[in-house]
Asker: 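After the structure tokens below, expect a handful of questions from me.
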Number of protein chains: 2
Amino acid sequence: MTTRTAAQQREQARIAYDAYLATCPTRQLLDRIGDKWVGLVLTALADGPQRYSGLSRTIAGVSEKMLTQTLRTLERDGLVSRSVTLSVPVRVDYALTPLGRSLLPVMQAIKDWAETHIDEVTAARAAYDERESGERQEHLP
Amino acid sequence: MTTRTAAQQREQARIAYDAYLATCPTRQLLDRIGDKWVGLVLTALADGPQRYSGLSRTIAGVSEKMLTQTLRTLERDGLVSRSVTLSVPVRVDYALTPLGRSLLPVMQAIKDWAETHIDEVTAARAAYDERESGERQEHLP
DNA sequence: CTGTATCCCGTTCGATACTG
DNA sequence: CAGTATCGAACGGGATACAG
């Protein structure tokens, strides 16, 4: 057995982890719903189909680039459907697919935990920051 | 009322959205659990307390910097507790707090959806990529 | 053993301009 | 109306070296 440095072993492990990342279902889902705009798009479509321009207005602040990119990814994953009506000007509607709709309860569970426990988290942060600033005082000359 | 360009209106909305980002509980939670290493740390600690070096071995591929950074964030949010045993060398144990433990069912829900539906997602991606490559053919000279 | 500090590269995301 | 193309700034995250 050849000797390897700690760095080489970590590097080896990192490669294995990258492969794991690419296949782990949970990781893939987390990458999707953790995305900056995905949650808002899913929520906006939960009430029914919307046109591109409608989404752009509903989700104020999103750039055309990011809205398009987000919709493309969701469409590719089968969570959102895109239907084009050939007219002048063209009309494009986006809607949740059944698969996309099945994700809503999960999003709701996340939302519920967040709204139920956010106060505890905020309090914990405040306490932590308080402790930290206190300890910095002690270490002064 | 002064006239504003579309770009100015988007900019205005973006600022409002940034403020929203900072306060929305769901967004905060998503930012946390969507983090690259948080899921693995939480999972590793679900079975019981672990030392820093233990986590480093369990979660192969993580750098010391990212492990420390992840643990600090989780500790600050009150999801993980950190206890130092003063000896030589020092020993540090990490464990889930009750708050952290309450998050496990949510993570499980995410995991369940992912494992149940990943095949549909993969199939949708394959179908989408197939369509795309087909359409690129049509557009050739 | 358990971190902290620094550098640096790749990716992400927004702004802007242009197209069918 | 519904995008596409390009560019630059900001940020995450890894390698490395150092410290209590």
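Chain naming here is simple, since letters A, B, ... match the order of the sequence lines and numbering starts at 1 in each. Quick note: numbers below take in every heavy atom, side chains included, and nothing from hydrogens, waters or symmetry partners.
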Asker: Under 4.5 Å between side-chain heavy atoms, hopping through other hydrophobics if needed: is there a path connecting V92(A) to V80(A)?
Answerer: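 Looking at the clustering, V80(A) is in the same group as V92(A).
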Asker: Salt-bridged, R82(B) to D93(B), with N to O below 4.0 Å?
Answerer: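 Result for this pair is no, no salt bridge flagged.
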Asker: Identify the two heavy atoms, one from L21(B) and one from K36(A), that lie closest to each other, and give their separation to 0.1 Å.
Answerer: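 Looking at all heavy atoms of both residues, the closest pair is CD1-CE, 4.0 Å.
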Asker: What string of B, S and - do you get for nucleotides 1-6 of chain D 5' to 3' if you count protein non-hydrogen atoms under 4.0 Å?
Answerer: SSBB-B
Asker: Applying ring pair (Phe, Tyr, Trp, His ring centres under 6.0 Å), which residue pairs with at least one partner in residues 63-91 of chain A are found, sequence neighbours left out?
Answerer: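 For residues 63-91 of chain A, and leaving out neighbouring residues, there are no ring pair (Phe, Tyr, Trp, His ring centres under 6.0 Å) pairs at all.
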Asker: Specify the separation, in whole Å, of atom CG of L21(A) and atom P of dG13(D).
Answerer: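 Checked: the CG to P distance equals 11 Å.
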Asker: For L45(B) and L74(B): C-alpha separation, side-chain torsions, deciding distance, then whether side chain to side chain contact (heavy atoms under 4.5 Å, CB included) applies.
Answerer: CA-CA 12 Å; L45(B) 291 177; L74(B) 292 175; 6.0 Å; no
Asker: What I'd like to find out is whether the side chain of M107(A) reaches to under 4.5 Å of the side chain of T26(B), using heavy atoms alone.
Answerer: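 No, every pair of side-chain atoms sits at 4.5 Å or beyond.
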Asker: Nearest-Å distance, CE (M66(B)) to C1' (dC9(C))?
Answerer: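 After rounding, the reported distance stands at 15 Å.
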Asker: Provide, to the nearest angstrom, the distance between the CG atom belonging to D18(B) and the C1' atom belonging to dG14(C).
Answerer: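 Rounded to whole Å, this separation is 11 Å.
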Asker: Let me know the distance between OH of Y17(B) and C1' of dC13(C), rounded to the nearest Å.
Answerer: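 It works out to 12 Å between those atoms.
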Asker: Are any side-chain N or O atoms of S56(A) and backbone N or O atoms of S53(A), one a donor and one an acceptor, separated by less than 3.5 Å?
Answerer: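 No, the answer is negative, given that no donor and acceptor are paired below the 3.5 Å cut-off.
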Asker: In whole angstroms, how far is the C1' atom of dG3(C) from the CD atom of E75(B)?
Answerer: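 So the CD-C1' distance, E75(B) to dG3(C), works out to 13 Å.
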Asker: At a heavy-atom distance below 4.0 Å, what parts of residues 35-43 of chain B sit against DNA chain D?
Answerer: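 Per residue number, the list reads D35(B), K36(B), W37(B).
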Asker: Could you tell me if the side chain of L67(B) sits less than 4.5 Å from the side chain of V41(B), heavy atoms only?
Answerer: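 They are in side-chain contact.
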